[in-house]
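Below is one structure; the comments refer to it alone.
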Amino acid sequence: MSPSGSGFVREDLPAQQSTSPVPRIADAYRAIEHAFDAPFGGALNPLKHLGALGFLLFWLLVTTGVVLYAILDTSAAGAYPSINDLAQVPWMLGTALRGLHRYAADGFVIVMFAHLAREWVLGRYKGFRAVPWLTGIPLIALAFVCGIGGFWLNWDQLGQFSAIATAEWLDALPFLASPLARNFLGDANLNRLFTLFVFVHLGVPLLMVFGLWFHIQRISRARVFPPRAMALATTATLLLLALVLPVRSQGPANLATVPQNLQLDWILLFIHPLTDATSPMAMWALLVAAFAALLALPLLPARAQPVAVVDPGNCSGCRRCFDDCPYSAVTMVPHTNGRRGVELAVVDADLCASCGICVGACPSSTPFRSTERLVTGIDMPQSPIHDLRERLLQGLAALPGPRRYVVFGCDHGARAASTAAPDVLHFSLVCAGMLPPSFIEYALRGGADGVLVSGCRAGGCEFRLGQRWTEQRLNGTREPHLRASVPRDRWHVAWADRGDEAALAAALDQLRARAGAPESNLPLESTP
């Protein structure tokens, strides 16, 4: 730790490494995401809940689809009239049901691509995130198979056009025994085709359920539903669309004629006009290349990440690291000491995000322990808790005074150096969740007049749960918690992303004003 004109800064602090393939695009995207924070708030920003919104729309599709299947005739002769007659159901209930199903399908595709684009822009497809990425890509194909197949069950002119166009597209593949388009030369095979249509439209969603389950298996506490207010607003918006812009059939299918002047659903059926504009084989080549490129992204070189290290002698088996890990990288096994009922944490190197949230959860990470070298139950080798304690004590002793403030920042949030001043000591952690709450009290007892904790905006934590767990620990609702005896006017939090440095500086000024004249600092207490 060495003094400088702008305060005392950790000299070995690594600069944040952008994982995005195109950092400028990532910065532009974050600017858009921040713009959405203004009207919606960070916790209800839809761009931060794209995965959860996708689950909501999927379950809306399943629910409305089950009802439609129960009340509609799925035979070739009865499909069109039974679906068309939904418009005659009193109070527009049939119209609402059909529209909600269609618009939920469109919304699902939009949200799915937005979620894919967001994860790519932010570089979230390598390392510990590779498995969610690889299990998510096949879901794109399943979604379109299911969505396109739904139009066939309407068996109106649009369904006829889509079914024949799909058959002709599949016929371009060289390994089919006989052309599928022959089935549409007359009405004789329609009932058999409708059995296939129903199987496709009902069977594929079952595959998607299993696919979605695999997709979130390596994500701890995955959100499968957005916040209630967002879910209600999304459902209400879809219902409003269904009533204001009702979905109508486009005339009964007739295999003796070619459908004309169709109103195409460009979100779900865009593949048909693209095939017409190019060729069936060109479209196959384009799709194969796109999926191959997406599946190959996790194979790109990635910087090796340090893995959390467990010290059996200090691990009590409390399971807090297990509960708090955002990516299920920690599991519990029988302790090596052989004591019955005692567990030991084990870290899966392939799943560890190197975020350090487990360190902040460990009860042995408290700096008040009297050991000469602070060894915790679980620690990050690139930034041990012992080093943080030593730097904190040395830095506070070196600050000239009369006032001293400590800022614990986050490598992915607003730059802690933006609060540079002669009375400020800066630290930047991999994630705010890495900070044990007891360090706030320790800094105050060590001579700090105030402590500022900073991390990513609400809902925007780089490691999903760091901001939430930190807030709960400081508010006393999650262990380990900050003791209630720590004066509330002596510490402050600021959730600020990169680009929010002005807000971080303002938070420090607010802390200065709140702290006022400091009380006499108590001596540091030690616990065994």
Side-chain angles (χ1 to χ4, degrees), residues 21-22 25 54 102-103 105-121 125 133-134 136-186 189 193 196-197 199-201 204 207-208 211 247 249-251 253-300:
V22 187
I25 296 180
R102 167 72 70 80
Y103 289 123
D106 289 337
F108 180 81
V109 171
I110 293 173
V111 167
M112 176 179 65
F113 278 120
H115 182 52
L116 176 73
R118 182 179 191 268
E119 299 306 293
W120 174 78
V121 164
Y125 49 77
W133 177 270
L134 292 173
I137 298 304
L139 296 176
I140 300 174
L142 294 178
F144 275 98
V145 170
C146 182
I148 294 174
F151 287 92
W152 306 343
L153 289 180
N154 294 339
W155 205 232
D156 60 355
Q157 293 184 21
L158 180 60
Q160 174 188 338
F161 163 75
S162 177
I164 296 175
T166 302
E168 293 175 343
W169 183 51
L170 292 171
D171 285 340
L173 297 174
F175 51 79
L176 293 181
S178 60
L180 295 174
R182 288 182 180 178
N183 293 289
F184 297 97
L185 294 178
N189 296 322
L193 280 174
L196 176 62
F197 294 169
F199 175 78
V200 169
H201 197 56
V204 173
L207 291 178
M208 290 193 67
V247 178
S249 298
Q250 301 186 38
N254 184 356
L255 294 179
T257 63
V258 177
Q260 303 289 332
N261 300 321
L262 297 176
Q263 297 178 359
L264 201 65
D265 186 321
W266 286 88
I267 297 175
L268 290 168
L269 300 179
F270 69 88
I271 195 170
H272 298 324
L274 284 181
T275 302
D276 291 339
T278 55
S279 69
M281 289 307 299
M283 184 53 58
W284 277 116
L286 177 63
L287 290 180
V288 169
F291 275 94
L294 291 173
L295 292 173
L297 282 176
L299 302 178
L300 296 176

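Just so you know, these numbers come straight off a predicted model, no measurement behind them. One is the number of the first residue; the rest follow in order along the sequence.
Note: W284 and W169 meet the aromatic proximity criterion, with ring centroids under 6.0 Å apart.
Scanning all heavy atoms of the two residues, the minimum distance from V204 to C146 falls at CG1-CB, 3.9 Å. Contact record, M281 with A172: SD-O, 3.4 Å, taken as the closest heavy-atom pair. Between P298 and L134, the shortest heavy-atom contact is CG-CD2, 3.8 Å. Residues F197 and A163 approach most closely at CZ-CB, 4.2 Å, considering heavy atoms. Closest non-hydrogen pair, L255 versus Q160, comes out as CA-NE2, 3.9 Å. The two residues A105 and L268 have their closest heavy-atom pair at CB-CD1, 4.0 Å.
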Audit row: R102, N154, side-chain contact (heavy atoms from CB on, under 4.5 Å) steps and yes/no: CA-CA 12 Å; R102 167 72 70 80; N154 294 339; 4.1 Å; yes
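Taken from CG in D106 to CD1 in I267, the straight-line distance is 4.0 Å, to the nearest 0.5 Å. Taking CG from L269 and CG from L262, the interatomic distance works out to 10.0 Å, rounded to the nearest 0.5 Å. Here OG1 of T275 is found 4.5 Å from CE of M283. Values are rounded to the nearest 0.5 Å. Taking CG of D276 as the start and CD1 of I271 as the end, the distance is 11.0 Å to the nearest 0.5 Å. Distance check: L153 CG to D156 CG gives 11.0 Å after rounding to the nearest 0.5 Å.
The 12-atom threshold is exceeded at CZ of F291, counting heavy atoms of other residues, nucleotides or ligands nearer than 6.0 Å.
Test F144, F161, F151 against H272 for ring pair (Phe, Tyr, Trp, His ring centres under 6.0 Å) and you get one pass: F161.
Without hydrogens or angle criteria, W133 side chain to W120 main chain gives no donor-acceptor distance under 3.5 Å. At least one donor-acceptor pair closer than 3.5 Å links the side chain of Q250 to the backbone N or O of Q263. Using a distance-only test at 3.5 Å, with no hydrogens or angles considered, a donor-acceptor pair links the side chain of T166 to the main chain of S162.
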